[in-house]
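Remarks on the structure that follows.
Throughout, protein chains are lettered first and strands after them, A, B, ... in sequence-line order, and every chain is numbered starting at 1. The basis for the numbers below is simple: all heavy atoms, side chains too, and nothing from hydrogens, waters or symmetry mates.
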Protein chains: 2
Amino acid sequence: MKWKELEEEPCSMARTIAVIGDRWTLLILRECFLRKRRFEAFQSSLGITRHLLAERLKKLVRQGILRRVPYQESPKRHEYILTQKGLDLYPIMMAIVHWGDTHMVDERGRPVLHEHKKCGKLFEPVMICSECGEPLLAKEVHTHPGPGGWAASVPPPADLPSEPSTGGPKAARSKTVQPKAKSRTRAA
Amino acid sequence: MKWKELEEEPCSMARTIAVIGDRWTLLILRECFLRKRRFEAFQSSLGITRHLLAERLKKLVRQGILRRVPYQESPKRHEYILTQKGLDLYPIMMAIVHWGDTHMVDERGRPVLHEHKKCGKLFEPVMICSECGEPLLAKEVHTHPGPGGWAASVPPPADLPSEPSTGGPKAARSKTVQPKAKSRTRAA
DNA sequence: TTCTTATGGTTCTAAAATAGAACTGTCAAA
DNA sequence: TTTGACAGTTCTATTTTAGAACCATAAGAA
């Protein structure tokens with residue numbers, strides 16, 4: 001399987017991975033969400049080679065995730081700004097950060113805390129069902145083939161591994177905050 | 001920056017990317033959530049080379065994302081099963097699928113639909129604030145340095161690009177379903 | 001017994017991607 | 001006239017990946 005084929009697979013996950021599924025691209029996007037916009041800024045904060053950076057930026061622009069906007073004329077200079085399509089990657093970024101916060105922190109705790117301006121509190125992102133508002137669990141999701149074909153996307157591990165305490169990290173787990181939204185039916 | 005350094009950066013995103021941030025790993029995980037568990041199953045459905053597959057599986061086991069469990073003795077055979085740490089990747093997977101569903105589908109529509117067993121409806125995943133239950137928008141999130149150090153994680157693009165209709169795809173956007181949970185304070 | 005198949009790898013070589021460093025080009029300011 | 005900032009491009013060396021063949025164990029068939 002080549003990367004071009006990946007983009008054409010009838011699977012939303014494969015297609016997304018074909019676009020943002022490599023380390024540098026993800027890190028560049030992190031910088032974008034950190035409001036970095038310029039070539040030099042990306043290069044110096046990531047330590048990516050200029051060659052690769054140029055290539056990745058081109059790809060992100062081609063894909064409509066970044067826009068290349070002139071910010072000065074004399075020597076033509078551009079900056080790279082997230083489009084709406086790019087901003088829509090935010091849940092992916094937050095999900096990645098949250099997993100890292102849960103499973104990859106050292107004793108010192110998480111590197112960054114997030115505050116929700118709207119409610120003023122430190123929070124964790126929680127993924128819920130758009131229809132009933134309950135938190136999504138893998139085992140409670142069922143997949144159906146959609147109009148776009150072939151069925152490979154993320155479905156539920158129906159017979160979920162029961163995790164018989166096979167010596168994984170024990171401290172890391174279950175720090176996840178339960179959502180306490182105003183008044184959704186209580187999560188089980 | 002080398003990949004080993006990446007794992008040590010005080011950034012939950014970098015650390016997560018160091019573990020799952022490459023194309024094959026993400027695709028292998030997709031298969032895991034599709035309940036594939038065996039070497040041959042991964043290999044034949046992904047078309048990954050056996051060499052790389054073996055390496056990636058080892059890494060995922062080392063990281064505690066998969067467990068290698070014997071399922072027969074005579075010729076010793078094992079299967080790879082998601083641990084809780086692995087199952088916790090579900091929101092990342094769903095976020096990736098959802099972005100693909102929104103931005104990477106062709107005319108035929110999405111390849112797979114998701115049904116929430118609990119409420120019986122086809123849904124979309126929505127990411128909300130654990131504290132107030134409102135959907136999370138990048139611009140409404142503020143970051144603070146946490147105890148774990150240095151501040152590089154996903155914060156808000158404070159001065160969000162206003163997306164002045166610079167010829168991106170127009171059909172693709174805004175298919176996102178608004179959450180309609182029982183009775184949270186209405187999203188703006 | 002010998003052959004074939006199933007499974008889960010390992011070992012090669014060639015091709016592709018990445019790292020690292022140097023170089024180009026434009027303009028402004030010193 | 002030189003230096004510096006910025007945004008790249010070009011080059012070679014190293015590392016990863018692709019692709020195919022090979023190895024090992026055991027069951028079952030001929």
What N/O pairs connect the protein and nucleotides 5-7 of chain C at under 3.5 Å? Give each pair on its own line.
unit_1	atom_1	unit_2	atom_2	d
C/dT7	O3'	B/Tyr71	OH	3.2
C/dT7	O2	B/Arg77	NH2	2.2

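One can place CD1 of A/Ile48 at 15 Å from P of C/dA17, the figure rounded to the nearest angstrom. Distance, A/Gln72 CD to C/dA28 P: 9 Å, rounded to whole Å. The interatomic distance linking B/His51 (NE2) with D/dG19 (P) rounds to 14 Å, in whole Å. Taking atom NZ on A/Lys76 and atom C1' on D/dT9, their separation rounds to 19 Å, with Å as the unit. Note: CG (A/Leu53) to P (C/dA19) measures 12 Å, nearest angstrom. For B/Arg68 and C/dG8, the CZ to P distance is 10 Å, given to the nearest whole Å. When rounded to the nearest whole Å, the span between CZ of A/Arg37 and P of D/dA7 equals 13 Å. A/Gln43 has its CD atom 14 Å from the P atom of D/dT9, to the nearest Å.
By the rule that hydrophobic residues join a cluster once side-chain heavy atoms approach within less than 4.5 Å of another member, A/Leu53 and A/Ile20 end up as members of one cluster.
At a threshold of 4.0 angstrom between heavy atoms, the contacts of A/Thr49 include nucleobase atoms, whether or not backbone atoms are also involved. Residue B/Arg56 is in sugar-phosphate contact alone, with no base atom involved, counting any heavy-atom pair closer than 4.0 Å across all strands shown. If you check every strand for non-hydrogen atoms under 4.0 Å, B/Tyr80 touches sugar and phosphate atoms only.
Looking at A/Gln72, its side chain does come within 3.5 Å of a backbone N or O of A/Pro75 through a donor-acceptor pair. When atom types are taken as modelled, the side chain of A/Trp99 and the backbone of B/Lys85 share a donor-acceptor pair closer than 3.5 angstrom. A donor-acceptor pair under 3.5 Å is formed between the side chain of B/Thr83 and the backbone N or O of B/Ile65.
Between B/Glu55 and B/Ser74, the residue anchored nearer the 5' end of DNA chain D, judged by the nucleotide with its closest heavy atom, is B/Glu55. Place B/Leu57 and A/Glu73 on DNA chain C by their nearest nucleotides, and B/Leu57 ends up nearer the 5' end.
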Derivation of the ring pair (Phe, Tyr, Trp, His ring centres under 6.0 Å) call for B/His144 and B/His142: CA-CA 7 Å; B/His144 304 275; B/His142 191 238; 5.0 Å; yes

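At D/dA18, one or more side-chain N or O atoms of B/Trp24 fall inside 4.0 Å of OP1 or OP2 (strictly under the cut-off). The shortest distance between the side-chain N/O atoms of A/Lys58 and the OP1/OP2 oxygens of D/dA7 is not below 4.0 Å.
Screening A/Leu27, A/Leu57, A/Ile48 against A/Phe42 for a side-chain contact (heavy atoms from CB on, under 4.5 Å) leaves a single residue, A/Leu57.
Comparing atom distances between the B/Ala54 side chain and each of D/dA18, C/dT18, C/dG9 picks out C/dG9 as nearest.
Shown here are the side-chain contact (heavy atoms from CB on, under 4.5 Å) partners of A/His78, two or more places apart in sequence or in another chain: A/Arg68, A/Pro70, A/Lys76.
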